[in-house]
Amino acid sequence: MSFILIDDDNISNFINERMIRIEYPDAEVVPYTNPIKGLEFISTHLTKKYFLFLDINMPEMTGWEFIEQINQADINVKENLQIYMLSSSVEPSDLERVKNYDNIVGFIEKPLNSKFLVSLKN
């Protein structure tokens, strides 16, 4: 399995990567603290299926702006990218906003947990 983590907080990326490695020791995990670099990776390396865990609140580009960039680019995300929005606080407006995007699979409160990660096997 392959994962992309995009979060401006190094500690969140570290914790989430550790949780992924507990459940999937052989997983490819590609972390970014800069969403622009993450977008560049997705634009050039999306040749297989990835799970993307995307922070909502980042200074360079919000998670919502990131999604808009993906939607505007010529990137085939439907087949190769399962997007989950991440946030440390659950805002009802964010939960509603997730429903407006076909390419977002769900919303997860930080940090990732084992129960959720195990569910990805299905």
Side-chain angles (χ1 to χ4, degrees):
M1 295 184 90
S2 299
F3 300 86
I4 303 168
L5 303 173
I6 300 178
D7 193 322
D8 62 305
D9 180 24
N10 277 320
I11 295 171
S12 289
N13 273 345
F14 176 78
I15 292 168
N16 288 330
E17 183 172 354
R18 295 283 296 205
M19 293 303 298
I20 290 168
R21 294 214 181 275
I22 288 169
E23 297 303 326
Y24 304 100
D26 297 325
E28 174 189 6
V29 182
V30 185
Y32 289 97
T33 54
N34 182 321
I36 296 165
K37 296 287 186 189
L39 189 59
E40 289 171 5
F41 176 84
I42 289 169
S43 297
T44 58
H45 292 88
L46 200 63
T47 58
K48 60 183 176 182
K49 182 179 176 182
Y50 282 91
F51 292 95
L52 168 61
F53 298 113
L54 177 62
D55 186 28
I56 291 175
N57 299 308
M58 297 178 285
E60 296 93 357
M61 175 188 296
T62 69
W64 303 117
E65 292 167 336
F66 187 94
I67 294 296
E68 290 301 325
Q69 290 289 318
I70 285 178
N71 288 342
Q72 291 173 10
D74 187 23
I75 303 170
N76 188 359
V77 296
K78 282 287 188 191
E79 290 181 17
N80 291 327
L81 197 61
Q82 290 195 17
I83 304 171
Y84 291 88
M85 302 303 282
L86 289 176
S87 185
S88 54
S89 62
V90 179
E91 293 289 330
S93 60
D94 287 332
L95 292 172
E96 283 301 310
R97 197 167 180 186
V98 163
K99 296 175 186 175
N100 295 328
Y101 292 89
D102 292 336
N103 54 345
I104 299 176
V105 178
F107 179 95
I108 305 164
E109 189 172 0
K110 292 183 197 177
L112 295 175
N113 62 66
S114 292
K115 183 178 179 182
F116 168 75
L117 290 168
V118 167
S119 75
L120 297 177
K121 291 179 182 177
N122 299 329

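Keep in mind that this is a model prediction, so the values were computed, not measured. What you see below is based on every heavy atom in this structure, not just the backbone, and it leaves out hydrogens, waters and symmetry mates. Sequence positions, counted from 1, serve as the residue numbers for this chain.
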Which atoms form the tightest heavy-atom contact between [X] and [Y], and what is the distance?
X	Y	answer
Asp8	Met58	OD1-CG, 3.3 Å
Lys49	Phe51	CE-CZ, 3.9 Å
Pro111	Ile15	CB-CG2, 3.8 Å
Glu40	Thr44	O-OG1, 2.9 Å
Phe3	Met1	CE1-CB, 3.8 Å
Ser87	Phe107	CB-CZ, 3.7 Å

Practice problem: Mark yes or no for whether Tyr50, through its side chain, and Ile42, through its backbone, hold a donor-acceptor pair below 3.5 Å. | Solution: no
Quiz item: Considering residues, nucleotides and ligands other than Lys115, do more than 12 of their heavy atoms fall under 6.0 Å from its NZ?
Solution: no
Exercise. Return yes when atom CZ of Phe14 has more than 12 non-hydrogen atoms of other residues, nucleotides or ligands closer than 6.0 Å, and no otherwise.
Key: no
How many angstroms lie between atom [atom1] of [X] and atom [atom2] of [Y], to the nearest 0.5 angstrom?
X	Y	atom1	atom2	value
Asn113	Ile22	CG	CD1	11.0 Å
Ile36	Met61	CD1	CE	4.5 Å
Arg21	Arg18	CZ	CZ	10.0 Å
Ile67	Leu52	CD1	CG	6.5 Å
Tyr101	Ile83	OH	CD1	10.5 Å
Ile6	Asp55	CD1	CG	10.0 Å

Determine, using the 4.5 Å side-chain heavy-atom cutoff (strictly less than), whether [X] and [Y] are members of one ILVMFWY cluster.
X	Y	answer
Ile104	Leu54	yes
Leu46	Ile70	yes
Tyr24	Val30	no
Val105	Leu5	yes
Leu117	Ile108	yes

With a 4.5 Å heavy-atom cut-off, do [X] and [Y] have their side chains touching?
X	Y	result
Met85	Arg97	no
Trp64	Asp94	yes
Val29	Asn16	no
Asn103	Leu81	no
Thr62	Ile56	no

Practice problem: Evaluate salt bridge (Lys or Arg N to Asp or Glu O under 4.0 Å) for Lys110 paired with Asp9, printing each intermediate quantity in order. | Solution: CA-CA 11 Å; Lys110 292 183 197 177; Asp9 180 24; 5.4 Å; no
Quiz item: Can Leu112 and Tyr84 be said to form a side chain to side chain contact (heavy atoms under 4.5 Å, CB included), step by step?
Solution: CA-CA 11 Å; Leu112 295 175; Tyr84 291 88; over 6 Å; no
